[in-house]
Amino acid sequence: MLKVLSGVRPTGDMHLGNYLGAFKAWVEDQYSYDAFYCVVDLHALAEEINPEVLRDRTLKTALTLLAVGLDPSKCTLFIQSHVPAHAEMSWLLSCVATYGELGRMTQFKDKSHGKDTVRVGLYTYPVLMASDILLYQAQRVPVGHDQKQHLELTRDIAMRFNNKYGEVFTIPTAFVPKVGARVMDLQDPTAKMSKSSNNSSGIIYVLEDPSSIEKKIKRAVTDTNSDVIYDPKSRPGVSNLLELLGAATDSKPEDLAPKYQNYGSLKLDTSKAVIEMLDPIRQRVKDLEKDLGEVHRIIAAGAQKAAESANATLERAKEAMGLLS
Ligand code: TRP
């Protein structure tokens, strides 16, 4: 079975854009791949984050992933820092990656721009990410568009290592999921729904309560015309609502458009459908919160299983590089 690996930073609450654009695909992949999914808490340390907040969000992220459908009997869900091989491999690969190539990463340039102090961890972030991927010999790596450059770097590092030290790593391929990849901000439908937005009224969270979801959709920015047409370029607001309704009801937005004469009924149906889609997820989180012992058992078992794969690769890499065993 081919291996898939992906990671999520525990830096914010999961929203609809994340769910439809990424995590739904994680859930689907667990049935056809040997799937490894990790909550990358070490990566979160590359930027300012309160220790208590990090701990809470790490657990909440794992919980939410289980609630959206990751099944511990089908995939390996673990916390990055629970598998020490990640940090260790990261040092080895930081001696393969170059200063120049890390400096060309656009995420680093964007996040460090104009800052007085920049953490070394922000600079070496992509090396840790490469370690996450290469430790598991993953062939397929689902990522968002913004992470494609890091995947290219991972491939370069892996090929350079293999050339210099012998074949140790599988060369991974990025996979950018298409499903609902176009969930836009409700207040600014020309921008992607994103946790970095400073206005939460444009974002629907997966665990948000129904009355709040209803309010946000009711207040969603539409277009100056009042007819319902699917055309993301000229009618971004109404098209985004159709997109959401489509994702929640498994139908095509262009087929839904002719069924509506005005925005009011479209918004009503969209909020009903979104609430219905998220209802079971919220319920599962509540159940899991009542049984945190079970969640801890799941991630402990995940770490153990992950470590078996990771340690085998780490040993081969150390041996290839000339470390005494
Ligand atoms: N950098 C990724 C992001 O911000 C998260 C991540 C860390 C990741 N390690 C990974 C994604 C390995 C895929 C594979 O989205």
Side-chain angles (χ1 to χ4, degrees), residues 2-15 17-27 29-30 33-47 49 54 57-58 61-62 64-65 70 75-90 93-94 97 102 105-112 119 121-158 169-177 181 183 192-196 302-303 306 309-310 313:
L2 291 180
K3 283 194 176 174
V4 63
L5 177 133
S6 198
V8 56
R9 272 177 299 145
T11 48
D13 290 333
M14 187 190 295
H15 58 66
N18 305 140
Y19 173 54
L20 298 171
F23 302 115
K24 241 181 127 178
W26 287 23
V27 173
D29 274 356
Q30 69 183 338
Y33 295 88
D34 185 11
F36 289 82
Y37 298 123
C38 68
V39 180
V40 294
D41 52 350
L42 296 173
H43 275 110
L45 293 174
E47 291 174 272
I49 186 161
L54 175 57
R57 287 206 175 141
T58 299
T61 302
T64 312
L65 288 171
L70 288 191
C75 70
T76 306
L77 172 65
F78 65 102
I79 311 298
Q80 185 187 35
S81 68
H82 293 180
V83 182
H86 291 247
E88 210 174 334
M89 182 62 94
S90 195
L93 296 184
S94 74
L102 291 182
M105 294 296 111
T106 57
Q107 178 175 295
F108 174 73
K109 288 197 270 189
D110 291 347
K111 291 196 171 187
S112 60
R119 296 179 186 193
L122 189 63
Y123 191 71
T124 57
Y125 180 111
V127 177
L128 180 59
M129 179 164 165
S131 305
D132 299 341
I133 297 164
L134 299 178
L135 277 172
Y136 299 91
Q137 309 286 3
Q139 282 96 353
R140 174 183 168 96
V141 184
V143 283
H145 240 289
D146 61 326
Q147 297 295 314
K148 274 182 82 179
Q149 195 187 27
H150 289 164
L151 243 297
E152 277 308 310
L153 177 72
T154 302
R155 291 166 57 91
D156 290 344
I157 292 173
F169 297 127
T170 301
I171 311 301
T173 309
F175 165 70
V176 181
V183 179
K192 254 180 36 176
M193 190 177 281
S194 153
K195 58 186 164 194
S196 53
S309 286
T313 308

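First listed ligand is number 1; within each ligand, the first listed atom is number 1. No hydrogens, no waters, no symmetry mates; every other heavy atom, side chains included, goes into these values.
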With side-chain hydrogen bond (donor to acceptor under 3.5 Å, both in side chains) as the test, would you mind laying out the steps for Gln80 and Asp132 before giving the verdict?
CA-CA 8 Å; Gln80 185 187 35; Asp132 299 341; 2.9 Å; yes
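Under the side-chain hydrogen bond (donor to acceptor under 3.5 Å, both in side chains) criterion, Lys3 pairs with no residue at all, not counting sequence neighbours. With sequence neighbours left out, Asp13 forms a side-chain contact (heavy atoms from CB on, under 4.5 Å) with Lys60, Tyr205. With sequence neighbours excluded, no residue satisfies salt bridge (charged side-chain N to carboxylate O under 4.0 Å, His left out) with Asp41.
At least one side-chain heavy atom of Lys111 sits under 4.5 Å from a side-chain heavy atom of Leu122.
Pocket lining of ligand 1, defined as residues with a non-hydrogen atom under 4.0 Å away: Leu5, Ser6, Gly7, Arg9, Val40, His43, Tyr125, Met129, Asp132, Ile133, Val141, Val143, Gln147.
Nearest approach of Ala138 to Val4, heavy atoms of both residues: CB-C, 4.3 Å.
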